[in-house]
Amino acid sequence: MCGIVGYVGHRKAFPIIIEGLKRLEYRGYDSAGIALYDGTDLNVSKTKGKVADLVQKVNNEISTSGSIGIGHTRWATHGVPNDVNAHPHYSNSGDLVIIHNGIIENYESLKKELTKRGYTFKSDTDTEVLINLIEDVKLKENVKLGKAVQVALNQVVGAYAIAVFDKNKPDEIVIARLGSPLAVGVGENEFFIASDASPFIEYTKNAIYLEDEEMAIIRANKGIKIRKIKDDSLVDPYVQELQMNLEQIEKGGYDHFMLKEIYEQPTAIKDTYRGRLLVKEGIIRMAGIDDNIEKFLNANRIIIVACGTSWHAGLVAEYIFEDIARIPVEVEYASEFRYRNPVITNKDVVIAISQSGETADTLAAIKLAKANGAFVFGVCNVVGSSIARETHAGAYTHAGPEIGVASTKAFTTQITLLTLIALKLAKVKGEISNSDYRYHLQELELIPEKVESALKSEEHIKMIAEKYKNARNFLYLGRGYNFPVALEGALKLKEISYIHAEGYPAAEMKHGPIALIDENMPVVVIATKKGHYEKVVSNIEEIKARQGKIIGVVTEGDVNVKKLADYVIEVPESLESLSPLLTTIPLQLLSYHIAVKLDRNVDQPRNLAKSVTVE
């Protein structure tokens, strides 16, 4: 949520910041703004709306000169989306300006105190409170900007990533983070600041990721100085080499990032198991598991914590771990797990799943689990992310950048990675025969090819989308391994088309949802041959008896469902445990094409953000 971009160096800052903000549009936002220093004046422009609206306003309002500046895209928390609440925000003197991602939880008490001291506020934001707190400290204690930021942040409760500029110190930007990501691109006598590395990938491959409760003072010709906010101790910068490239974060000829990422799944799945799945040798090689195998083998249970699509991947993993490895699994919403006083012991293994590696609720769940002695294993996509650093061990999905807000390849690569872990543990525990183990490895290796085949149904799915694009409600049903796929399919439709949809276990239909079924209700039923097929067919019969419109996702060559359904979408046959990797593909495409036909903003659906860094 929210996007931060900054630059200090020898280039013109404006185009770098604007292009960087466009790269961060995937995070979700409702307003945008920029502050530039041209050597004489501090020029600020901001507006409700998109970055394109900001560019138009800037061209009419302010100078775009200067080689230092900060920019922001805001996802509203405190205060409605409008020009006044948009970032950047000035201090009362007009000397200081700030951009901020996160939430200052104690802003009301701070605002009351500052108001008593004569400060006034133009916006409804917690961010304007913070910049005036920084100014108050700076004036009262007669300190430089960096020290004022440090003292002020020690009075703050909440989460933040900030960048602060003082027009009286026009060669530096002060940044800090707690709970929200912040990266620094390191160039030749220049620095780039951003919420992630995508805004500066074409300028440098070297990045520093601030840790929680760290701040940095950045000057073009004097380098970067990082300190701990709590105790002012110096931190040696750790420079990482970035793995992404520019081509990965561009659309590559597709109409939307979401469609591009749907079609990237065969490659992404292959990249997830590349170097790990050695079929000929009959080996799964995963350093994070190999080095901690006793933790998993001695665990009383595995607790999976995640949010949204990652939670659905965790539900699939629950079936896989219990079925194949015979390890008890509980799957928890990270947002609920941290607040219900869960029972956690040093005999538990917690697997935390997040595409971005920055999900605030999941990070909080990790900290709670660690504090109670659990071993925490991270599954995420973004190298160097907070979850990668906070967990005891982990594994990357290697899916490549996912820009579309609605996750697609994150889901399938997370399932792929979790399947590898389950198979490895099953083999070590002796819960799977050698022949079954090798068969699973061979079938997993074939999944990318089968996903390619499933993608060939797109034209047929477009036609189905046209038929049902005006439906007000959808019901998604699945059993066993494909119940989580039904949940995920419903979520995708809600996210990008704004059509109400619900996912249910097929057997639960009779316990309530069947009351909703009539001639206007499309029901998507996942009915592959493996796994309770006959029972699902019976459920389809019940839907048909009530005139519901049936869209069946079936195994190639199916005849029974085809006789009953209004439409069927075929996927290749696979092992039941691997079927979610195939059945989810047509559901992604169906959601996508319904949204396109309804003229929705597919990559940036309303009210949503890619990286949810606030509670």
Side-chain angles (χ1 to χ4, degrees), residues 3-27 34-39 42-43 51 64-73 88 97-99 101 145-146 149 161-167 169-177 180-211 214-227 234-250 358 382-385 389 400-401 403:
I4 284 175
V5 180
Y7 176 77
V8 54
H10 51 81
R11 305 174 198 263
K12 189 174 180 181
F14 176 70
I16 294 171
I17 293 170
I18 290 297
E19 187 59 35
L21 292 178
K22 289 178 181 177
R23 298 259 177 86
L24 294 178
E25 285 187 305
Y26 75 90
R27 297 174 72 86
I34 193 168
L36 300 163
Y37 185 74
D38 63 8
L42 178 59
N43 299 297
V51 175
T64 60
S65 299
S67 57
I68 188 168
I70 52 178
H72 190 263
T73 52
V97 67
I98 190 173
I99 52 179
N101 180 12
L145 178 63
V149 168
I162 61 170
V164 187
F165 176 77
D166 180 352
K167 72 178 185 181
K169 293 279 288 182
D171 62 340
E172 73 177 31
I173 298 172
V174 178
I175 64 172
R177 75 155 280 182
S180 291
L182 209 50
V184 179
V186 182
E188 291 288 333
N189 296 319
E190 62 181 346
F191 291 94
F192 306 82
I193 302 158
S195 296
D196 65 43
S198 61
F200 54 76
I201 189 63
E202 72 261 51
Y203 298 105
T204 179
K205 285 283 190 180
N206 298 317
I208 298 168
Y209 291 90
L210 284 196
E211 300 285 353
E214 288 183 354
M215 61 175 289
I217 300 173
I218 299 169
R219 303 182 184 94
N221 297 313
K222 294 184 180 178
I224 181 171
K225 188 172 286 186
I226 302 174
R227 291 184 179 275
L234 280 170
V235 176
D236 289 331
Y238 172 59
V239 181
Q240 297 187 33
E241 184 176 350
L242 298 172
Q243 302 301 312
M244 71 172 73
N245 57 56
L246 190 58
E247 290 74 22
Q248 289 178 303
I249 57 173
E250 294 182 337
E358 301 293 349
V382 180
V383 175
S385 59
R389 298 194 301 272
I403 307 300

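Residues take their numbers from the sequence shown, with the count starting at 1.
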> Which pair of non-hydrogen atoms, one from T204 and one from N206, has the smallest distance, and what is that distance?
Replying inline: OG1-N, 3.0 Å
>> Any heavy-atom pair between the side chains of T64 and I18 that's under 4.5 Å?
In response: no
> Quick one: does V174's side chain get under 4.5 Å of M215's, heavy atoms only?
Replying inline: yes
> Would you call E241 and K205 a salt bridge, using N to O less than 4.0 angstrom?
Replying inline: no
> Between CD of E190 and OH of Y7, what distance do you get to the nearest 0.5 Å?
Replying inline: 3.5 Å
> I68 versus D171: any side-chain heavy-atom pair under 4.5 Å?
Replying inline: no
> If every non-hydrogen atom of A13 is compared with every non-hydrogen atom of G69, which pair is closest and at what distance?
Replying inline: CB-N, 4.1 Å
>> I'd like to check V8 versus E172 (side-chain heavy atoms, cut-off strictly below 4.5 Å). Are they in contact?
In response: no
>> Below 30° counts as parallel, above 60° as perpendicular, anything between as tilted: where do the rings of Y203 and F192 land?
In response: parallel
> How long is the span from the CG atom in N101 to the CD1 atom in I162, to the nearest 0.5 Å?
Replying inline: 11.5 Å
> Can you name the nearest heavy-atom pair linking A161 to I4, along with the distance?
Replying inline: O-CD1, 3.2 Å
> Does the side chain of L36 reach to within under 4.5 Å of the side chain of I17, using non-hydrogen atoms?
Replying inline: yes
>> Can you give me the closest heavy-atom contact between A220 and F191, atom names plus distance?
In response: O-CE1, 4.1 Å
>> Once rounded to the nearest 0.5 Å, what's the spacing between atom CZ of F200 and atom CD of E202?
In response: 10.5 Å
>> Do V382 and E358 make a side-chain contact, defined as non-hydrogen atoms from C-beta onward lying under 4.5 Å apart?
In response: no
> Which pair of heavy atoms, one from F165 and one from L145, lies closest together, and at what distance?
Replying inline: C-CD2, 4.3 Å
>> Walk me through whether V186 and I224 qualify under side chain to side chain contact (heavy atoms under 4.5 Å, CB included).
In response: CA-CA 9 Å; V186 182; I224 181 171; 5.7 Å; no
>> Working to the nearest 0.5 angstrom, can you tell me the gap between R23 CZ and T73 OG1?
In response: 14.0 Å
>> Within the 4.5 Å heavy-atom criterion, are I70 and I173 side-chain neighbours or not?
In response: yes
> Between atom OG of S180 and atom CG of L210, what is the distance when rounded to the nearest 0.5 Å?
Replying inline: 12.0 Å
>> For L24 versus G3, what's the shortest heavy-atom pair and its separation?
In response: CD1-CA, 3.8 Å
>> Strictly distance-based, threshold 3.5 Å: is any side-chain N or O of S65 a donor or acceptor partner for the main-chain N or O of D38?
In response: no
> Distance from S198 atom OG to K22 atom NZ, nearest 0.5 Å?
Replying inline: 14.0 Å
